[in-house]
There are 2 protein chains.
Amino acid sequence: MSARSSSPGQRRATILDVAAAAGVSRQTVTRAMNGMPGISQATRERVQRLAAELGYTPSRFARGLVQGANVSVGLAIPDLTNPYFPAFASSVVEEATQRGWNVVVDDYGHGAGSALDSAGRLAPQVDALIGYLGEHSRAAQAIMGRRPVVGLDDPQAEAAGSISFDYAHAARLGLGHLAEDRRRRVVFLDSDQGGIAAGRGHAVEAAARERDIRLQQIASGPSAAEARRAVTDLLAAAPDVDAILVFNDLMAAGVLKALSEGKRAVPRDVAVIGMDGIPLGELLTPELTTLSLDLRSVGRAAVGLLDGLLSGAVEAGSSAAALTLRHELVIRQSA
Amino acid sequence: MSARSSSPGQRRATILDVAAAAGVSRQTVTRAMNGMPGISQATRERVQRLAAELGYTPSRFARGLVQGANVSVGLAIPDLTNPYFPAFASSVVEEATQRGWNVVVDDYGHGAGSALDSAGRLAPQVDALIGYLGEHSRAAQAIMGRRPVVGLDDPQAEAAGSISFDYAHAARLGLGHLAEDRRRRVVFLDSDQGGIAAGRGHAVEAAARERDIRLQQIASGPSAAEARRAVTDLLAAAPDVDAILVFNDLMAAGVLKALSEGKRAVPRDVAVIGMDGIPLGELLTPELTTLSLDLRSVGRAAVGLLDGLLSGAVEAGSSAAALTLRHELVIRQSA
DNA sequence: CTGAAAGCGCTAACAA
DNA sequence: TTGTTAGCGCTTTCAG
């Protein structure tokens with residue numbers, strides 16, 4: 001019942017335990033474990049064997065303390081369950097891995113609070129932060145202090161770096177396509193998660209005005225199921241709708257479901273355009289026409305920007321640290 | 001041009017810098033930064049303000065070294081781009097977050113090597129490892145030493161803990177359903193990524209023999225596009241196929257595409273059953289009948305098992321550390 | 001309410 | 001080829 005035995009795994013072996021067992025100095029253990037030169041093969045093997053037997057693993061804290069290196073970046077994401085985010089995360093992880101950085105992922109969906117909670121959890125663990133922080137990007141930067149934060153989809157750019165999307169351009173692309181197709185009764189299905197990207201709605205509205213398109217805006221929760229329900233209701237209230245532009249591809253999948261359920265042929269009766277360009281779109285029936293972002297390039301941009309910020313090549317808050325990416329229209333079957 | 005000024009961000013501020021600036025001891029700074037008692041409000045605020053000005057952030061290494069706490073788990077995943085894995089990762093992250101652990105994600109797809117490389121990258125950073133390690137689970141455990149590894153979908157269970165799936169059960173469920181439906185000419189579309197889960201193929205074969213079902217096995221790469229191509233070829237070579245059981249849901253999505261392209265009605269002409277139970281299945285047309293795993297419970301099982309291993313409640317390698325989960329048949333439209 | 005001392009486990013630099 | 005010394009930045013005693 002001593003303090004020592006209360007921990008199930010006993011005290012972790014330290015370099016000193018190994019050194020003692022092998023009858024060498026701790027320095028020799030370091031050399032053996034890290035494949036450093038200046039040690040005989042026999043000693044090296046003996047030390048390594050002993051280390052394995054004792055279950056010795058160098059403490060990452062002690063090593064980090066003395067070596068300083070090892071960048072670890074936090075990735076704050078609203079919902080790994082919407083395929084957009086893993087697609088993005090995947091490219092961030094890939095880019096980070098190439099640089100020898102490691103990525104700590106935090107998902108603030110599923111009742112894990114807000115982006116701010118996420119930043120709070122990550123802050124003590126990481127040297128930098130990338131994330132969909134929405135309106136919290138400023139607060140997140142405050143929590144992180146001097147460590148760089150790259151906020152995505154945050155037009156205000158209140159963090160060290162930001163990646164924004166040119167929704168005005170996307171909206172023009174989408175509505176332009178619908179106009180050419182003589183669609184007269186267009187609906188924009190927005191996400192009701194407000195703040196995070198009200199930008200889309202405004203941009204679509206402006207583009208509609210430019211083109212003199214009659215536009216109705218509705219909103220639903222950001223899932224396929226919720227979008228489906230919203231469109232089912234819409235169809236009852238406004239049977240003459242002939243085009244729906246959707247906040248994102250996942251919701252567009254739900255829209256397609258509602259339409260087929262409501263016996264509307266797509267694109268003949270109703271055209272549908274999504275937004276994101278995730279691979280899911282190609283698997284749907286009909287295949288989804290969408291305003292596509294190259295997700296890999298978004299990840300690359302975010303990590304690249306962070307790299308610049310970290311190395312000092314890019315100044316925090318400068319215009320070089322505020323990137324804007326554009327969607328492109330990928331025409332498939334639904335519009 | 002001194003060594004000091006060569007680093008773009010200057011030397012990071014330490015607790016001593018703040019203490020000096022505030023004219024207090026480092027202890028007082030610690031108390032101020034960590035909201036500890038025994039310090040006047042005025043001092044606390046002054047210290048915090050100075051800390052912010054200096055851009056001081058406590059070193060996670062120094063803190064970790066002295067506090068010891070803070071579990072961080074590595075998550076090794078083959079491909080964040082297949083929706084199965086994010087769904088799983090999402091629940092792992094959620095469960096871990098609830099315990100105050102943080103998770104470092106490594107994706108070994110996209111040319112980032114094998115599961116073993118992934119384990120190697122993660123090992124120095126984490127206290128435990130969860131992953132789809134396939135045949136490498138033993139080697140990964142060796143790299144991790146005494147730190148627990150939970151391997152998924154690895155029937156050999158050569159790590160401290162393992163989560164396996166009862167493919168025999170799944171296969172019986174799937175083929176049983178097809179048999180009741182009088183399907184006579186069944187194909188199993190396997191993944192050609194061999195090792196990682198040859199278990200599925202064997203199980204399906206055995207179940208077919210039990211039921212005297214004529215079974216053909218084919219294989220393709222593990223993507224929707226590759227599955228699609230494989231089935232297009234299959235249709236040409238064997239036009240009388242009336243049921244396809246597929247390695248996973250993503251590939252099943254490709255199968256559905258190939259079938260509609262080949263003018264086969266699903267399920268009338270050909271029944272399709274997927275495997276995984278990812279949300280994608282519900283978005284397809286027709287909606288995918290599938291052998292579903294409750295992904296959230298898989299994540300919960302993995303993290304729970306790890307928790308037991310870490311706390312000593314579960315002994316590494318014991319039978320309590322080898323969990324087996326079962327699929328259930330979710331009947332939607334495709335079969 | 002504040003400070004001084006000790007030490008977490010490791011590696012870099014320097015000796016032997 | 002090996003060992004000794006010093007110190008990374010922080011928090012936990014224990015004293016004032």
Side-chain angles (χ1 to χ4, degrees), chain A residues 3-4 7 9-48 50-51 54-70 72 123-125 127 145-147, chain B residues 3-4 7 9-48 50-51 54-70 72 123-125 127 145-147:
Chain A
R4 173 155 301 178
S7 150
Q10 302 125 60
R11 201 178 101 275
R12 242 184 81 174
T14 80
I15 197 172
L16 257 25
D17 299 321
V18 179
V24 299
S25 75
R26 63 219 236 152
Q27 190 48 254
T28 298
V29 176
T30 290
R31 287 192 271 248
M33 297 302 291
N34 300 356
M36 300 164 114
I39 178 178
S40 76
Q41 192 56 23
T43 315
R44 164 163 293 150
E45 279 165 15
R46 188 164 49 90
V47 170
Q48 287 179 343
L50 256 9
L54 295 174
Y56 166 69
T57 315
S59 149
R60 67 174 178 283
F61 298 116
R63 177 180 282 167
L65 190 52
V66 69
Q67 293 194 327
N70 190 333
S72 110
Q125 317 293 339
D127 305 306
R146 290 242 195 299
R147 295 168 293 171
Chain B
R4 174 155 302 178
S7 149
Q10 300 126 63
R11 201 178 102 279
R12 241 183 83 173
T14 80
I15 197 171
L16 258 25
D17 299 321
V18 179
V24 297
S25 75
R26 61 218 241 155
Q27 193 44 254
T28 298
V29 176
T30 291
R31 288 192 271 249
M33 297 301 290
N34 301 358
M36 299 164 117
I39 178 178
S40 76
Q41 192 55 24
T43 316
R44 165 163 295 151
E45 278 165 14
R46 187 164 49 91
V47 170
Q48 287 179 343
L50 255 11
L54 295 173
Y56 165 69
T57 315
S59 149
R60 67 173 179 282
F61 297 118
R63 177 179 281 168
L65 189 53
V66 68
Q67 293 192 326
N70 191 331
S72 110
Q125 317 293 339
D127 306 305
R146 288 242 194 301
R147 294 168 294 170

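Rounded to whole Å, atom P of C:dT11 lies 13 Å from atom CG of A:Asn70. Distance B:Leu65 CG to C:dT11 P: 12 Å, rounded to the nearest Å. At whole-Å resolution of the value, CG in B:Leu16 and P in C:dA5 are 14 Å apart. Between B:Gln27 atom CD and D:dG16 atom C1' there is a gap of 14 Å when expressed in whole angstrom units. Distance CE (B:Met36) to P (C:dT2): 14 Å, rounded to an integer number of Å. With rounding to whole Å, B:Asn34 atom CG is found 17 Å from D:dG9 atom P. The CZ atom of A:Arg12 sits 14 Å away from the P atom of C:dC8 (whole-angstrom rounding). Atom CD in A:Gln67 sits about 17 Å away from atom P in C:dG9, given to the nearest Å.
Residue A:Thr30 places at least one side-chain N or O under 4.0 Å from the OP1 or OP2 atom of C:dT11. Considering only side-chain N and O atoms, B:Ser25 lies nowhere under 4.0 angstrom from the phosphate OP1 or OP2 of C:dT2. Contact annotation: B:Ser40 reaches the phosphate of C:dT2 (side-chain N/O to OP1 or OP2, under 4.0 Å). Residue B:Thr43 places at least one side-chain N or O closer than 4.0 Å to OP1 or OP2 of C:dT2.
Side-chain to base pairing of A:Arg31 with D:dG3: one donor and one acceptor N or O lie within less than 3.5 Å of each other.
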#### Entry: Residue pair B:Arg46, B:Val24: steps toward the side chain to side chain contact (heavy atoms under 4.5 Å, CB included) verdict
CA-CA 10 Å; B:Arg46 187 164 49 91; B:Val24 297; 4.0 Å; yes
### Query
Run the side chain to side chain contact (heavy atoms under 4.5 Å, CB included) check on B:Arg31 and B:Val47 step by step: do they pass?
CA-CA 10 Å; B:Arg31 288 192 271 249; B:Val47 170; over 6 Å; no
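Residue order along DNA chain D, read from the 5' end via each residue's closest nucleotide, puts A:Gly23 first among A:Gly23 and B:Ala62.
In the set D:dT11, C:dT11, C:dT2, the nucleotide with an atom closest to the side chain of B:Ile15 is D:dT11.
With contacts defined as side-chain heavy-atom distances shorter than 4.5 Å, the pair B:Asp17/B:Arg12 does not qualify. Put simply, the side chain of B:Thr30 reaches to within 4.5 Å of the side chain of B:Met36, judged on heavy atoms.
Within the 3.5 Å criterion, the main-chain N or O of B:Gln125 finds a donor-acceptor partner in the side chain of B:Ser72. The closest donor-acceptor contact from the side chain of A:Arg147 to the backbone of A:Ala123 lies under 3.5 Å.
Interface residues of residues 54-61 of chain A facing DNA chain D, ordered by number: none; criterion, heavy-atom separation under 4.0 Å.
In this structure, the separation between OG1 on B:Thr28 and CE on B:Met33 is 13.0 Å, given to the nearest 0.5 Å.
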